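Working notes, structure below.
Quantities reported herein were computed from a predicted structural model and do not represent experimental measurements.
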Amino acid sequence: MTEDAVTAALQDSFWLAADHLLMFHTNPWELDEALEAAGYAMGPCAAMDLLGLDVVLVRRQGAASPILPRMVAEGRMGKKGGVGHYRYPGGGGAVIDPLIEDLILEEAWFAKFTRHDLSDAELVARMQAAQEAAVGQLLDQGAQPEVVRRACRTGLHAP
């Protein structure tokens, strides 16, 4: 298994976990801040914005909420388009966009989901559990441990 394939598999599982947390529990900036405080160099929402939400949507595998497809349909492509989970005025740094929180709350309401806030520690624990599960699957599929470790650091910005 190549390092690119390992990185893509880890990112996909991590981003699906982020998608679930957004739908049921939090918003992009709270999730990213919790992970950055836990030692991640970048949160999953900022990372998806950097890669491009259209790219993430095309390569994503597995069931997910309607949040990302709606974002892309509305032209939220991430940093390259000036807006994604965050706004990037003038191509600069990320700025909180309250409209994305409205979009997320609306999608949860349409799906008849009741949202429950989670603490930063619980957000981090759930994201790390998703990462651990993905790592376990990759190792079971024959991925080399050092390749998986590198992919965690470079692909997930993990500590």
**Study point:** Worked check of side-chain contact (heavy atoms from CB on, under 4.5 Å) between Leu21 and Arg126
**Key:** CA-CA 8 Å; Leu21 290 173; Arg126 291 191 184 198; 3.8 Å; yes
If you define the side chain from C-beta out and look only at heavy atoms, does anything of [X] sit under 4.5 Å from [Y]?
X: Leu103; Y: Glu106; value: no
X: His85; Y: Met71; value: yes
X: Ile104; Y: Pro28; value: yes
X: Val124; Y: Leu35; value: yes
X: Ile100; Y: Cys45; value: no

Hydrophobic clustering (ILVMFWY, side-chain heavy atoms < 4.5 Å, transitive) - are [Y] and [X] grouped together?
X: Val148; Y: Leu156; result: yes
X: Val6; Y: Leu139; result: yes
X: Ile67; Y: Leu105; result: no
X: Val55; Y: Val72; result: yes

Looking at [X] and [Y], what are the two nearest heavy atoms and their distance?
X: Asp19; Y: Ser65; value: OD2-N, 2.7 Å
X: Met42; Y: His157; value: N-CB, 3.7 Å
X: Leu53; Y: Arg76; value: CD1-O, 3.3 Å
X: Leu123; Y: Leu31; value: CB-CD1, 4.2 Å
X: Ser13; Y: Ala130; value: OG-O, 4.1 Å
X: Gly155; Y: Thr7; value: CA-CG2, 3.7 Å

When rounded to the nearest 0.5 angstrom, what is the spacing between [atom1] in [X] and [atom2] in [Y]?
X: Glu36; Y: Trp29; atom1: CD; atom2: CH2; result: 14.0 Å
X: Thr154; Y: Arg149; atom1: OG1; atom2: CZ; result: 13.0 Å
X: Glu122; Y: Asp117; atom1: CD; atom2: CG; result: 12.5 Å
X: Asp97; Y: Asp102; atom1: CG; atom2: CG; result: 8.5 Å
X: Lys79; Y: Asp49; atom1: NZ; atom2: CG; result: 9.5 Å

Exercise for review: Decide side-chain contact (heavy atoms from CB on, under 4.5 Å) for Leu99 and Glu74; before the verdict, give the C-alpha distance in whole Å, the side-chain angles of both, and the deciding distance to 0.1 Å.
Suggested key: CA-CA 12 Å; Leu99 295 177; Glu74 290 182 2; over 6 Å; no
Practice item. Look at the aromatic rings of Tyr88 and Tyr86 and report parallel, tilted or perpendicular, splitting at 30° and 60°. Key: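 Tyr88 and Tyr86: perpendicular rings.
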Exercise for review: Assign the ring pair His116 / His25 to parallel, tilted or perpendicular, where the plane angle (0 to 90°) is split at 30° and 60°.
Suggested key: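 Tilted: the ring planes of His116 and His25 meet at 30° to 60°.
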**Study point:** Under 3.5 Å: donor-acceptor pair, side chain of Arg115, backbone of Trp109
**Key:**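 A pair under 3.5 Å: no.
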Exercise for review: Taking atom CD of Gln144 as the centre, report whether more than 12 heavy atoms of other residues, nucleotides or ligands fall under 6.0 Å from it.
Suggested key: no
Study note, to complete from the structure: Per side-chain contact (heavy atoms from CB on, under 4.5 Å), Trp15 is matched among Leu51, Leu68, Leu10 by Leu51
